[in-house]
Structure formats: structure tokens, C-alpha cells
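Read through the structure below, which is laid out as C-alpha cells, and then see the notes.
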Amino acid sequence: MTAQQAPAHFPGAVALSRLGVYDWEAADGVCGGSPHMHTASTEAYLVLSGTGKVETIRQSGYASYDLAPNDLLWFTPGTIHRLVNQDNLEILVVMQNSGLPEAGDAVLTFDADTMASPERYAKAASLPGGPSSSLPDAARARRDAAMAGYQRIKEAALAGQHDVVEQFQRDAVRLVQARVPAWQALWDKTIAPEAARTETWLKELAAGRFSHFADAAVVRAQAAGPERAFGMCGRLQKWEPGRQA
């Protein structure tokens, strides 16, 4: 890598986004985002401001964790999670395997009928590409649909009916299975080389060499647009690919 080829994306095969969690009240009277699960990526939350909770469901059961400024919490694939906004919750999200969540790694907790059909799931999970004025209503409707399925899974987890949780996970895997070859190609092209590059650097350093220092660079990224996008859990601030500063 030369100085002119400094990485355009945040290094380490991770993605960063700033998240203002939705303050829309759901059917259970609690404000928050759309419950979902990642199938191949670990996600981390660093709380910047405000307070809230994250509810989680695994095969081992349900748990809820308080979130306050400077709290850092992460969870691995297979953890269903729901962000709750109690007071202006703002989070820095650090996502493993940049590109995979956007390629369908994140699966929303829709009802069983929707989960049973890739076509119905895709329709329920997508947001319209039309006027921006319709996006808030569409994002809220998607959140409410995910909440409807989540409530059933949560009640089952609280009752010790772990088969319901496993069934959702099974449905999620079936939905993403056909996408895995494309994920593997993305991994091979953009994610795996990050680890290989560090391996090369370690070998160089162990031999007392430091040729990669000649390629040292500083990269600055700009905010992706003046307004935050409507994400699964809230309004998202992302960044454009960086340029050498």
C-alpha cells in the first residue's frame, strides 16, 4: 500500500455510525428501535449521551441491560436485541465485518408468516425510495412490525420456551443462507485482507523492519449527507469513504 492508496474506509474491517435511538412509543408503551439479530457479526454500543436499555434474547433466555454515558456493551451473532430510549439516547455503534450488515446480516424479528417467505420478508424490511417525507412513517411501521414478532419471542423466552427463540434463529438462517456466497466474496475482498495486512506488519516488525512506515497516512472522512438516515434502531449518522488529509 502506498501513501496514495491509504484505506478509504475505517480500518480493522469495522464500521462506525452515530445513532440517535428512536423516541417513538411502541405497542408496549416503551420507546425505541426495531428488534433484530445479526447472523455473522458482533455489534458494540458505546453510549455517548442519554440513558436507555438494551433488551437481549438468546437461547439461554431474556436479559435487559441499563445504558448510560460511557457504558460499553457488545453482543455476538445470534443475540436478538432491542434498543430502548429512556432519555435522548445517543450511541456510537461499532459493527464488525463492515458491509455484511448492509448485505442482509441483520434480520428483523417479524412474525412467523413474514419470516417464512423471502419475498414477504424483503418487502417488510425495505423502506420506500420515494419522497423523504414518507420515510419516518415507513420506518416506524417497520419498527412496529418487528415489535409484533419480538413480543411473541420475548414472552416465550420469559416463559422458558426456548424452542420459539431457536425457531426464529432457524428462520433467520434460512432467509440469509442464499446470500452467504456473496458475503464470502465480500469477506475475501475487503475483510480478510485487513487481518492479512496486520500479519505482514508483525512479521516485518519481528525481523526489525518497518518499510510500511513509509506509507503512513492520515485520512479524513466527511459526514454522509446533512441529515441522518432512518435506520433500524434510530437516526444514523454515517461517513463517506475517507480521503488522505
Side-chain angles (χ1 to χ4, degrees), residues 10 14-39 41-57 63-75 77 79-110 124-151 153-154 221-240:
F10 196 80
V14 302
L16 294 179
S17 58
R18 181 167 182 152
L19 174 68
V21 182
Y22 290 134
D23 58 3
W24 302 329
E25 185 174 312
D28 62 353
V30 177
C31 299
S34 305
H36 63 282
M37 181 188 78
H38 296 279
T39 62
S41 301
T42 291
E43 184 174 20
Y45 292 155
L46 172 62
V47 180
L48 302 176
S49 61
T51 57
K53 295 178 181 290
V54 59
E55 298 179 351
T56 67
I57 301 174
S64 178
Y65 302 90
D66 292 334
L67 296 176
N70 293 322
D71 281 348
L72 176 62
L73 178 147
W74 64 85
F75 34 86
T79 304
I80 301 167
H81 50 284
R82 175 208 187 186
L83 272 171
V84 171
N85 185 354
Q86 294 176 325
D87 182 19
N88 298 316
L89 184 61
E90 287 267 344
I91 290 174
L92 180 66
V93 179
V94 183
M95 177 62 68
Q96 183 190 20
N97 300 328
S98 178
L100 291 191
E102 294 82 357
D105 165 59
V107 179
L108 291 152
T109 55
F110 294 135
S126 64
L127 293 180
S132 59
S133 60
S134 66
L135 284 175
D137 289 341
R140 186 164 186 168
R142 181 175 68 176
R143 189 282 310 269
D144 291 344
M147 274 299 303
Y150 173 78
Q151 280 298 108
I153 299 170
K154 178 179 176 180
Q222 301 295 327
E227 295 185 1
R228 295 189 183 189
F230 286 90
M232 288 185 175
C233 295
R235 299 298 300 272
L236 287 171
Q237 175 63 69
K238 296 186 176 183
W239 286 266
E240 298 285 0

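Throughout, numbering of the chain's residues begins at 1 and tracks the sequence. Model, not experiment: these values are computed from the prediction. Quick note: numbers below take in every heavy atom, side chains included, and nothing from hydrogens, waters or symmetry partners.
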- Just by modelled atom types, is the Gly99 backbone N or O under 3.5 Å from a matching donor or acceptor in the Glu102 side chain? yes

- Would you indicate whether the side-chain heavy atoms of Val30 and Arg82 approach each other to under 4.5 Å? yes

Closest heavy-atom pair, Val107 versus Gly104, reported as atoms and distance to 0.1 Å, is CG2-O, 4.1 Å

(message) I want to check something: taking the side chain as every heavy atom from C-beta on, are Ser17 and Val93 in contact at a cut-off of under 4.5 Å?
(response) yes

d(Thr109 OG1, Met37 CE) to nearest 0.5 Å is 10.0 Å

task = For the residue pair Glu55 and Tyr150, confirm or rule out a side-chain donor-acceptor distance under 3.5 Å.
result = yes

Rounded to the nearest 0.5 angstrom, the CD-CG distance for Gln96 and Asp105 is 9.0 Å

Rounded to the nearest 0.5 Å, the NE2 atom of His36 sits from the CG atom of Leu108 at a distance of 7.0 Å

d(Thr39 OG1, Leu100 CG) to nearest 0.5 Å is 8.0 Å

Shortest non-hydrogen pair, Met232 vs Ser34, comes out as O-OG, 2.7 Å

- request: Ignoring hydrogens and angles, state whether a donor on the side chain of Asp87 or Thr51 is under 3.5 Å from an acceptor on the partner side chain.
  value: no

Report the C-alpha distance between Arg142 and Asp137 in whole Å, list the side-chain angles of each, state the deciding distance to 0.1 Å, and finish with yes or no for salt bridge (Lys or Arg N to Asp or Glu O under 4.0 Å). CA-CA 9 Å; Arg142 181 175 68 176; Asp137 289 341; over 6 Å; no

Please answer whether the main-chain N or O of Trp24 pairs with a side-chain N or O of Arg143 as donor and acceptor at a distance below 3.5 Å.
yes

Has Arg235 got its NZ or CZ under 6.0 Å from the middle of the six-membered ring of Tyr22, at an angle within 45 degrees of the ring axis? no

Exercise. Would you find a donor on one side and an acceptor on the other, under 3.5 Å apart, between the side chain of Asn85 and the backbone of Cys31?
Worked result: no

Glu90 and Gly20 have their tightest heavy-atom pair at OE2-CA, 3.7 Å

Angle class for the His81/Phe75 ring planes (parallel below 30°, perpendicular above 60°, tilted otherwise)? tilted

Correct closest heavy-atom pair for Gly33 and Pro35 would be O-CD, 3.5 Å

